[in-house]
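Read through the structure below, which is laid out as structure tokens, and then see the notes.
Every heavy atom of this structure was used, including side-chain atoms; hydrogens, water molecules and symmetry mates were not. First listed ligand is number 1; within each ligand, the first listed atom is number 1.
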Amino acid sequence: MAKATLGIIGGSGLYDLPGLEDMRELDIGSPWGMPSAPPREGRVGNARVVFLPRHGVGHRHSPSDIDYRANIDVLKRVGVTDLISLSACGSYREELPPGMFVLVDQFIDRTFRRQSSFFGAGCVAHVPFSDPVAPNLVARLARAAAAERVPHVVGGSYVCMEGPQFSTRAESVAYKAMGASVVGMTNMPEAKLAREAEICYATVAMVTDYDAWRPHEGGAEIASILDVMRGNGDAAGRLVARLAQDFPEEHEPCPIGSDRALDFALLTAPAHRDPTLVAKLDAVAGRVL
Ligand SMILES: CSC[C@H]1O[C@H](OP(=O)(O)O)[C@H](O)[C@@H]1O
Ligand SMILES: Nc1ncnc2[nH]cnc12
């Protein structure tokens with residue numbers, strides 16, 4: 001059995017993980033570029049935890065400019081097996097008010113200017129992605145949220161827009177009509193790349209606002225979003241601490257196979273693979289290359 005390492009990606013307002021014992025910063029790069037910040041490794045209880053703030057220290061990277069490949073590659077390199085994304089989001093449902101944590105189980109990708117795969121010319125792969133979220137992680141998150149009395153719902157669809165501007169009213173109404181429960185700007189391609197790297201992934205989408213679909217209200221505004229984010233940040237800290245305390249030391253095999261996603265995914269015949277790309281894939285796909 002492989003050892004488990006719990007990765008935490010902190011989103012807007014979450015640039016640190018209080019409670020990380022024996023913490024040290026890891027000086028690590030990747031063949032894809034530099035991660036948003038040096039990952040921080042430490043322990044919570046018996047769990048090995050690695051934290052990475054996706055917008056970088058001081059929130060330097062906008063959603064479109066984050067090097068998602070570098071972030072996922074370094075997390076894989078340092079042994080992360082299970083990854084939790086903490087993300088602020090807008091809501092498309094009355095019953096998901098600001099302060100609600102949505103443990104989403106689906107994504108709709110509306111981004112258009114991001115590198116969304118580690119694979120490509122010279123090494124083509126198609127990983128399964130119908131179920132993008134690891135259900136065992138969602139179950140653990142739900143138990144941790146209940147124990148910490150954090151308001152949450154299990155299930156929902158997160159639409160990822162390009163940003164960085166918030167949605168127009170027409171876009172907001174359209175995303176709601178598409179069936180999205182919440183909207184954000186960062187979980188794609190992060191979730192796709194985690195799947196390619198065979199890392200189990202789940203998102204805690206923390207509602208900060210109702211976006212722009214309610215006709216008699218203003219749209220998303222950063223001042224009130226920041227206010228809500230502070231409260232959400234406290235709750236997220238408690239949720240993660242509880243999750244980590246109860247996290248198993250051995251990696252739990254993923255019930256939907258996220259950790260074996262490359263078993264049948266590679267299409268390019270070995271003799272036709274580009275050696276330069278294959279070398280870059282050492283951490284992500286070394287198991288099958
Ligand atoms: C602070 S509002 C907009 C910003 O917040 C979300 O980021 P993250 O998912 O990293 O918490 C959203 O996607 C936008 O990037
Ligand atoms: N309304 C919204 N749209 C996109 N990203 C968000 N993050 C927080 N609120 C958001």
Side-chain angles (χ1 to χ4, degrees), residues 7-17 35-37 51-68 71-72 75 83-94 96-104 107-114 132-133 156-176 178 180-194 201-214 217-237 239-240:
I8 306 289
I9 295 188
S12 296
L14 300 168
Y15 312 110
D16 203 359
L17 192 62
S36 300
F51 176 78
L52 179 63
R54 69 161 68 81
H55 298 282
V57 176
H59 204 123
R60 297 180 58 241
H61 304 286
S62 100
S64 306
D65 303 323
I66 291 169
D67 192 334
Y68 295 95
N71 285 354
I72 296 296
L75 293 175
L83 182 56
I84 306 298
S85 149
L86 301 174
S87 285
C89 67
S91 164
Y92 292 131
R93 307 252 179 269
E94 291 290 353
L96 302 177
M100 182 66 77
F101 284 19
V102 186
L103 307 179
V104 302
F107 294 105
I108 301 169
D109 190 356
R110 299 271 305 174
T111 65
F112 50 82
R113 65 177 189 98
R114 305 179 188 190
V133 168
S157 296
Y158 172 119
V159 61
C160 192
M161 60 183 291
E162 187 60 53
Q165 303 82 2
F166 291 114
S167 309
T168 64
R169 287 188 189 280
E171 286 166 337
S172 195
V173 168
Y175 295 151
K176 181 170 163 57
M178 281 165 83
S181 321
V182 294
V183 58
M185 302 177 191
T186 60
N187 278 210
M188 285 289 155
E190 193 173 87
K192 288 178 171 172
L193 296 166
Y201 184 91
T203 289
V204 182
M206 303 176 288
V207 176
T208 53
D209 58 274
Y210 278 112
D211 204 41
W213 57 275
R214 289 164 130 201
E217 283 187 13
E221 276 175 24
I222 199 69
S224 57
I225 288 178
L226 289 176
D227 258 1
V228 180
M229 254 169 46
R230 276 185 272 277
N232 285 355
D234 292 346
L239 171 62
V240 168

- Item | Residue pair E171, R110: steps toward the salt bridge (charged side-chain N to carboxylate O under 4.0 Å, His left out) verdict | CA-CA 11 Å; E171 286 166 337; R110 299 271 305 174; over 6 Å; no
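With atom 13 (O) of ligand 1 as the reference point, the heavy atom nearest to it among H59, M185, E221 is part of M185.
Of the protein's non-hydrogen atoms, G184 CA, 3.6 Å is the one closest to atom 5 (N) of ligand 2. The closest protein non-hydrogen atom to atom 8 (C) of ligand 2 is T208 OG1, 3.3 Å. Among protein heavy atoms, the minimum distance from atom 10 (C) of ligand 2 is reached at G90 N, 3.4 Å.
Among the candidates H55, M229, M206, the single residue satisfying the side chain to side chain contact (heavy atoms under 4.5 Å, CB included) test with L14 is M206.
For the pair H55 and ligand 1, the shortest N or O to N or O distance falls below 3.5 Å. Ligand 1 has a nitrogen or oxygen under 3.5 angstrom from a nitrogen or oxygen of A88. For the pair S167 and ligand 2, the shortest N or O to N or O distance does not fall below 3.5 Å. Checked against a 3.5 angstrom limit, the closest N/O atoms of S12 and ligand 1 fall inside it.
When the shell of 6.0 Å around CZ of R60 is examined, it contains 12 or fewer heavy atoms from other residues, nucleotides or ligands.
Taking Y175 as the reference, nothing meets the ring-ring contact (aromatic ring centres under 6.0 Å, His included) condition, with sequence neighbours excluded.
Of the N and O atoms on the side chains of S85 and R54, at least one donor lies less than 3.5 Å from an acceptor on the other residue. In this model, no donor atom of one side chain and acceptor atom of the other lie less than 3.5 Å apart for S91 and D209.
Ligand 2 places these atoms under 4.0 Å from at least one heavy atom of A220: 1 (N).
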